[in-house]
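Encoded as structure tokens, the structure appears first; notes follow it.
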Amino acid sequence: MAASLSTALDVHFTIPKSDTKRPIFFTSPIRHNPTKKRLAISCTSSTSETSSSTKPPQNISESPSSKNPSLSDQLKPLSATTLSTKDHQAQLLSRPKSTWVNPTRPKRSVLSLQRQKKSLYSYNPQIRELKLFAKKLSGSGEDEFESVLETIPYPPTRENALLILNSLRPWQKTLLFFNWIKTQNVFPMETIFYNVTMKSLRYGLQFDIIEELANEMVSDEIQLDNITYSTIITCAKKCSRFDKAVEWFERMYKTGLMPDEVTYSAILDVYAKLGKVEEVLSLYERGVASGWKPDPITFSVLAKMFGEAGDYDGIRYVLQEMKSLDVQPNLVVYNTLLEAMGKAGKPGLARSLFEEMVDSGLTPNEKTLTALAKIYGKARWAKDAMDLWERMKSNNWPMDFILYNTLLNMCADLGLVEEAEMLFKDMKISEKCRPDSWTFTAMLNIYGSGGNADKSMELFEEMSKLGIGLNIMGCTCLVQCLGKARRIDDLVRVFNVAIDGGVKLDDRFCGCLLSVASLCDESEDFTKVLACLKQANPKLVAFVKLIEGEETSFETLKEEFRAVVRDAAVETRRPFCNCLIDICRKRDLHGRAHELLYLGTLYGLYPDLHHKTVKEWSLDVRSLSVGAALTALEEWMGTLTKFVQRDEELPELFSAHTGSGTHKFSQGLANSFDSHVKKLAAPFRQSEERAGHFVATREDLVTWVQSRIPSSVIA
DNA sequence: GTAGGGTTAG
């Protein structure tokens, strides 16, 4: 992966294929930077240095083949004057790691340390009337535009036109006005007119038009400056046209223009969003080596990138860099770092970082608190969550609707029903944070997980009244809850409302319906649920019918099961199989249940079900439904019976791992398992040392197995 | 939204 570092950068900076020159620019800073250690951590296969050593020695005197010099070409004078080709090759050969830095010359810059200056506006006494006119123009219809244009209160001089252009929106209006100024021929078009127009186009995500304008600038010989390039690059990024962002960055270098720190951090973010971590680090380090002191925005870009990758070492690197460069994180940087800590699974460090932030005198905003609430919820840190909540209230920290909804999700994670109800009430009486579909989904999750079907249905009715649509997640929670409460008629009603509301039913939802079907005792209910499921997934229902058919052969079952599994989303395959086994057991089709468990194992849905060491054999049923777990236990006992019959060697200990289910709402697989082994009088007992494990000794198990084998068989 | 760069939800 990391072998791509030097090659990828070469490509990005458009080094002609025929040109094998390895620019010195690409080799220097890493070796001399403290981040080398960090690179070594993040590169598992090789570092940039080893990757460069895999390249053939490169001829630095070779002339570039392209007309417009690339960045590396621009830097050619440096390399050409400091080392002859021969010397350089000798260097490369004598040192497998080909990094070389000229000790006598300063490093060549990759960015301009001076930010581009903006021109100052002179005061325009007609500002009020011109802004009013711009507002009128913005609000005019397409067909009125020209007639409104004629009412322009002052002649479109350069300053007047710029003022209007700056106040126009949306982008269609800006573009119309921009084109109109061009036709007036009152003054020559300058870069700033293009920049202002492009900015408006960027709000409208109109990358293609921006690119047209940029090309027009090139052909009309109007200079593109750093503001033009950064606008083009960020627009391409917002439109997910990353290739275009990189392309324009390269073009800038080729024309001989150095990026300033704004353009530079914009392109860093492009590489970051592409997940090109090594490239980002390399660019960052070269910038620093050029004398650049990155600002908080840059660190925010880096932190976000490492957060997305869940890379804790990277997050530490960002913190360390800010410290060593003496850059104080601002609120955005803290927010990004907190989010990143959450994604890297470090709730404790997020907590200390938050305290550090507060101690530094910063006041958390909605985003800070949203990040923390999410982290504490996912980590199931109820105490910290409640402390945070208290502080939010006593300090009057800001709230918005996303924070409210995140807090509700946190309540769902922690099983805090009353607290959720309080928040929900707060939202209803608030001005700005009225409950939306996310809010109701969170509440449906909370009541649904707690098995409160009455409250869930109240929410459902309330949503209908408020005209808030049910989404697929809320629908799934509701159907699951109603299914568990055996309120099948309500379930069908909800299902129909969802269908009418255009909810797109996914495999998870189908799995949920299938599990409800597996719970149904009454065949009438079973039929109703399958009728719903048929609308979402007719093949699945056909397969259920096939299972029930006595005449269905194993071969047919196998083929059709394969098709069902193949068509299902990966994460729903095992749940589907679990539910199908449950359905079999519920309908006394035990033979089918065993066939399905076999097929599920055959198609890899139950990897790691069995584990064997010399001393212990174990069965891990944690990812199985109750029916599937019991089927697996029976299957296992059958196998052991054969072992006993054949007098084969057995380990001292047998164990079954059910898990103990720490979540407040989790339904105990352990309990069902316990009652089943009691029913079978099997010698498995819940282990006191190992939570969530049932254990049996060889002696007890063999005795039990023998007691079940008819004497004729033993004889 | 003062010609340009970074952060919030299954």
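None of these values were measured; they are calculated from a predicted model. All chains are named by letter (A, B, ...) in the order of the sequence lines, taking the proteins before the strands, and each is independently numbered beginning at 1.
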Quiz prompt | Step-by-step salt bridge (Lys or Arg N to Asp or Glu O under 4.0 Å) determination, A:Glu419 to A:Lys393 | solution = CA-CA 13 Å; A:Glu419 288 82 354; A:Lys393 284 190 282 192; over 6 Å; no

Quiz prompt | Pair A:Lys273 + A:Glu308: basic N to acidic O under 4.0 Å | solution = no

Quiz item: Is A:Lys117 near enough to B:dA3 that one of its side-chain N or O atoms lies under 4.0 angstrom from OP1 or OP2?
Solution: no

Quiz item: Hey, does A:Ser119 reach any base, or is it just sugar-phosphate, or nothing, if we go heavy atoms under 4.0 Å?
Solution: base

Self-check item: base_contact_polar (B:dG4 base, A:Ser230 side chain, donor-acceptor, <3.5 Å)
Solution: yes

Quiz item: How close or far is atom P of B:dG1 from atom CG of A:Leu168, stated in whole angstroms?
Solution: 16 Å

Practice problem: Evaluate the criterion side chain to side chain donor-acceptor pair (under 3.5 Å) for residue pair A:Tyr194 and A:Gln223; output intermediate values, then yes/no. | Solution: CA-CA 10 Å; A:Tyr194 282 89; A:Gln223 198 199 7; over 6 Å; no

Practice problem: Give a yes or no on whether a donor-acceptor pair under 3.5 Å exists between the nucleobase atoms of B:dG10, that is its base, and the side chain of A:Asn445. | Solution: no

Exercise. Check whether any side-chain heavy atom of A:Met410 lies under 4.5 Å from a side-chain heavy atom of A:Leu423, and answer yes or no.
Key: no

Practice problem: Provide, to the nearest angstrom, the distance between the CD1 atom belonging to A:Ile127 and the C1' atom belonging to B:dT2. | Solution: 9 Å

Quiz prompt | Those residues of residues 397-410 of chain A lying under 4.0 Å from DNA chain B by at least one heavy atom | solution = A:Asp400, A:Phe401, A:Ile402, A:Asn405, A:Thr406

Self-check item: Salt-bridge criterion met for A:Lys432 and A:Asp400 (N-O under 4.0 Å)
Solution: no

Quiz item: Does the base of B:dG10 carry an N or O that pairs as donor and acceptor with the side chain of A:Arg508 under 3.5 Å?
Solution: no

Practice problem: Would you indicate what A:Ser167 reaches in the nucleic acid, counting non-hydrogen atoms under 4.0 angstrom: base, sugar-phosphate, or nothing? | Solution: nothing

Self-check item: Separation of B:dT7 P from A:Phe299 CZ (nearest whole Å)
Solution: 16 Å

Quiz item: So, A:Phe354 versus A:Tyr376, ring centres under 6.0 angstrom or not?
Solution: no

Quiz item: Does any donor atom in the side chain of A:Asp260 or A:Thr263 lie under 3.5 Å from an acceptor atom in the other side chain?
Solution: yes

Quiz item: Rounded to whole angstroms, how far apart are CD1 on A:Ile315 and P on B:dT7?
Solution: 15 Å

Quiz item: Within the pair A:Asn166 and B:dA3, is there a side-chain N or O less than 4.0 Å away from OP1 or OP2?
Solution: yes

Practice problem: To the nearest Å, give me how far apart CE (A:Met252) and C1' (B:dG4) are. | Solution: 12 Å

Self-check item: ring pair (Phe, Tyr, Trp, His ring centres under 6.0 Å): pairs with one or both residues in residues 206-246 of chain A, sequence neighbours excluded
Solution: none

Quiz item: Hey, is the side chain of A:Asp225 pairing donor to acceptor with the base of B:dG4 inside 3.5 Å?
Solution: no

Quiz item: Which value, in whole Å, describes the distance between the P atoms of nucleotides B:dG5 and B:dG1?
Solution: 12 Å

Quiz item: So, is A:Lys199 near the phosphate of B:dG5, with a side-chain N or O under 4.0 Å from OP1 or OP2?
Solution: no

Self-check item: Under 4.0 angstrom between A:Lys131 side-chain N/O and B:dT2 OP1 or OP2
Solution: no

Quiz item: Atom NZ of A:Lys273 to atom C1' of B:dG6: distance rounded to whole Å?
Solution: 7 Å

Quiz item: B:dG5 C1' sits how many Å from A:Lys238 NZ, rounded?
Solution: 9 Å

Quiz prompt | Side-chain-base donor-acceptor pair under 3.5 Å for A:Asn330 and B:dG6 | solution = yes

Exercise. Using heavy atoms and a sub-4.0 Å distance, could you list which residues of residues 200-217 of chain A are near DNA chain B? By number, please.
Key: A:Ser200, A:Arg202, A:Tyr203

Quiz item: Without hydrogens or angle criteria, can the side chains of A:Asn405 and A:Asp436 be said to hold a donor-acceptor pair below 3.5 Å?
Solution: yes

Quiz item: Closer than 4.0 Å, any side-chain N/O of A:Lys118 to the OP1 or OP2 of B:dT2?
Solution: no

Quiz item: Any side-chain heavy atom of A:Tyr203 within less than 4.5 Å of one from A:Pro170?
Solution: no

Quiz prompt | Non-hydrogen side-chain atoms of A:Tyr264 and A:Tyr284 separated by less than 4.5 Å | solution = no

Quiz item: Can you check the A:Leu268 CG to B:dT7 C1' distance for me, whole Å?
Solution: 16 Å

Exercise. Quote, to the nearest angstrom, the P distance that separates B:dG6 from B:dT2.
Key: 14 Å

Quiz item: Using the rule for Phe, Tyr, His and the six-membered ring of Trp, do A:Tyr229 and B:dG4 stack at under 5.5 Å and under 30°?
Solution: no

Quiz item: Using atom P of each nucleotide, how far apart are B:dT7 and B:dA3 to the nearest Å?
Solution: 22 Å

